[in-house]
Amino acid sequence: MVSQRYEPWTHTPFENWIVSEGLQVVHGQVVHDVYTMETYPWERTGTKAVLLDLSNRLMDGALVDNQGTTRYVCDIPAGGKYNAEKHMYEEIFFVLKGRGATTIWQEEGGPRQTFEWKEGSVFSIPLNSYHEIYNGQGDQAARLYAAISAPTAFNLYASPEFVFGCPMVFPDRFDPTDELYFSGKTEKLADRFMETNFIPDVQTVGLDRWKSRGPGSNMMISMAGGHYICHLSEFPAGTYKKAHTNEDNKGRNGLISDVAYMFLSGEGYDLQWPAGTVPGPDVPMEKIDYRGGSLMSSGTGYHQHFNCSGENIRYIVLRYGNPRYAGAVGKRTKDTGGTNVDFEDEDPRVLATFEAELAKRGVPSHQDQAFDD
């Protein structure tokens, strides 16, 4: 992106850290298969990894666009480990493949907790707690997908020594003497909202029906007392959701977070519209295909999810959203999740495109479910 308004880009503290770590960066709005993408040696951690900057808006000279939160995929070698560290940024993991264990502690010599994980597990690292992650398999790598608020921390403090060496502990987020902390115990706080510190398998989490976006259900899960939540959604075969945007909600959850959807099954596509536009006739839109294993950002404006397969699609979003840090949350925003375009008001091209995609695959439409509520 070339701009006449600014001087040439100077690396931010976070970008300087990326260079010092030797981290490779992948750009673009979609990763088509996070299970097979290539990773590269990340010496300090003992893993292979790649940073995912899910954006098409990179300015000339910049290393990354997302300077608030970001994401990465890492491989822990067979029988190996992700070396122990602590840091003043939040981190949440989803296990793509493999099995292993994680040990968490607050202070050297203090009590430790260890819990086991497997494919489909989600766990969040309590802020500034030591953690060491072990691959329990001796014959193959374990692959993890993580979301982190590292850009915010590095750009705020401009000191890797502080980010990784601050002695502060946060007892309100993690009690190392609580033997049930990572047991998977849950507490239902409200409709579509629960709290836990460990999810053994995202496929078995029960979701609540949610009518505001059309057919489907979801659950938002607060973890480790942090900003990050695990957001799970599912919608039926041969259906699609309403076009929606979260532009008017950015910054309402404490800090601005990039948003990315990881699809766990099925196939379909997203329609996305440019920022500042409302979907309608003659408004340009982009079609982005996905399948199980795809990771895709929500773009800069309205977006809409379509299920073109004969099975339900469940997806996971690791994003900011803990209400504890959000201040006042408007009831309309809570009920609808943002600004939606009702089905009866949508551009006729939307349904026509969907029906054509279903016909290609011989999949029947069940979109009439959207109008049964």
Side-chain angles (χ1 to χ4, degrees), residues 24-39 49-58 64-66 69-75 92-98 119-122 142-148 201-203 205 207 213 215-218 230-241 243-244 246 257-273 285-319 350 353-354 356-358 360-361 363:
Q24 301 296 309
V25 183
V26 167
H27 300 98
Q29 200 172 341
V30 60
V31 175
H32 290 288
D33 192 342
V34 296
Y35 292 94
T36 60
M37 68 182 306
E38 189 171 0
T39 55
V50 62
L51 193 73
L52 309 176
D53 187 46
L54 300 178
S55 169
N56 291 323
R57 307 181 302 274
L58 195 65
V64 294
D65 175 68
N66 290 309
T69 61
T70 191
R71 302 158 195 281
Y72 69 92
V73 166
C74 73
D75 291 321
I92 185 170
F93 287 98
F94 172 59
V95 181
L96 295 170
K97 55 185 177 182
E119 182 176 327
S121 296
V122 176
R143 175 162 286 198
L144 280 66
Y145 158 56
I148 54 175
D201 186 348
V202 295
Q203 296 285 9
V205 175
L207 310 183
R213 289 262 172 89
S217 54
N218 74 14
C230 173
H231 174 150
L232 298 173
S233 287
E234 184 172 295
F235 61 120
T239 68
Y240 64 88
K241 292 177 173 286
H244 52 282
N246 301 108
S257 172
D258 70 314
V259 175
Y261 303 82
M262 169 145 184
F263 296 92
L264 303 176
S265 58
E267 65 173 326
Y269 62 92
D270 250 34
L271 292 179
Q272 298 192 357
W273 288 263
M285 59 186 182
E286 181 181 10
K287 178 174 172 289
I288 305 174
D289 295 327
Y290 67 77
R291 60 181 184 271
S294 295
L295 180 66
M296 178 174 58
S297 73
S298 59
T300 57
Y302 279 85
H303 55 281
Q304 191 167 10
H305 313 310
F306 298 79
N307 182 353
C308 296
S309 60
E311 61 179 318
N312 289 359
I313 286 180
R314 179 169 287 210
Y315 59 84
I316 180 173
V317 184
L318 304 179
R319 63 170 177 84
V350 171
T353 300
F354 182 62
E357 291 294 328
L358 291 180
K360 288 180 188 176
R361 298 166 172 82
V363 174

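Throughout, numbering of the chain's residues begins at 1 and tracks the sequence. Computed from a prediction, not measured in an experiment: that's the story for all the values here.
Considering all non-hydrogen atoms of both residues, Leu54 and Val31 come closest at CD2-CG2, 3.9 Å. Of all heavy-atom pairs between Asn66 and Asp53, the closest is N-OD1, 3.0 Å. Nearest heavy atoms, Ser309 versus Val363: O-CG1, 3.6 Å. The heavy-atom pair separating Thr239 from Pro215 by the smallest distance is CB-CG, 3.7 Å. When every heavy atom of Ala147 is checked against every heavy atom of Arg71, the shortest pair comes out as CB-NH1, 3.7 Å. Taking every heavy atom of both residues into account, Val350 and Leu271 meet most closely at CG2-CD1, 4.2 Å.
Distance check: Thr39 OG1 to Gln24 CD gives 10.5 Å after rounding to the nearest 0.5 Å. Here the CE-OH distance, from Met262 to Tyr35, works out to 3.5 Å after rounding to the nearest 0.5 Å. Put simply, CE on Met296 and OH on Tyr261 are 8.0 Å apart, with the number rounded to the nearest 0.5 Å. If you take OH on Tyr302 and CD on Gln272, they are separated by 14.0 Å, rounding to the nearest 0.5 Å. Taking CD of Glu357 as the start and CG of Asn307 as the end, the distance is 12.0 Å to the nearest 0.5 Å. If you take OG on Ser233 and CD1 on Ile313, they are separated by 12.0 Å, rounding to the nearest 0.5 Å.
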Just do the side chain to side chain contact (heavy atoms under 4.5 Å, CB included) check on Arg143 and Met37 with the steps written out, would you? CA-CA 11 Å; Arg143 175 162 286 198; Met37 68 182 306; 3.7 Å; yes
task = Test Val30 against Tyr290 for side chain to side chain contact (heavy atoms under 4.5 Å, CB included), laying out the working first.
result = CA-CA 8 Å; Val30 60; Tyr290 67 77; 5.6 Å; no
Side chain to side chain contact (heavy atoms under 4.5 Å, CB included) between Asp33 and Arg291, intermediate numbers included = CA-CA 8 Å; Asp33 192 342; Arg291 60 181 184 271; 3.9 Å; yes
**OP:** Check the pair Thr69 / Asp258 against side chain to side chain donor-acceptor pair (under 3.5 Å), numbers first and verdict last.
**Re:** CA-CA 6 Å; Thr69 61; Asp258 70 314; 2.2 Å; yes
* Going through the distances and angles, do Cys230 and Leu318 end up as a side chain to side chain contact (heavy atoms under 4.5 Å, CB included)? -> CA-CA 5 Å; Cys230 173; Leu318 304 179; 4.3 Å; yes
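Screening Gln304, His303, His305, Gln29 for a side-chain hydrogen bond (donor to acceptor under 3.5 Å, both in side chains) with Asp270, the sole residue that qualifies is His305. Shown are Leu295, Ile316, Val34, Ile92; of these, the side-chain contact (heavy atoms from CB on, under 4.5 Å) with Tyr145 is made only by Leu295.
The list of salt bridge (charged side-chain N to carboxylate O under 4.0 Å, His left out) pairs with a residue in residues 304-318, not counting sequence neighbours, reads Glu234-Arg314.
With sequence neighbours left out, the salt bridge (charged side-chain N to carboxylate O under 4.0 Å, His left out) criterion links Asp289 to Lys287. Partners of Lys97 by salt bridge (charged side-chain N to carboxylate O under 4.0 Å, His left out), not counting sequence neighbours: none found.
Side-chain contact between Ile148 and Thr70: present, with at least one pair of heavy atoms (C-beta onward) separated by less than 4.5 Å. The shortest distance between side-chain heavy atoms of Leu264 and Val202 falls below 4.5 Å.
Panel note: side chain Tyr240, backbone Phe235; no donor-acceptor pair is recorded below 3.5 Å. Between the side chain of Ser265 and the backbone N or O of Asn312, at least one donor-acceptor pair lies under 3.5 Å.
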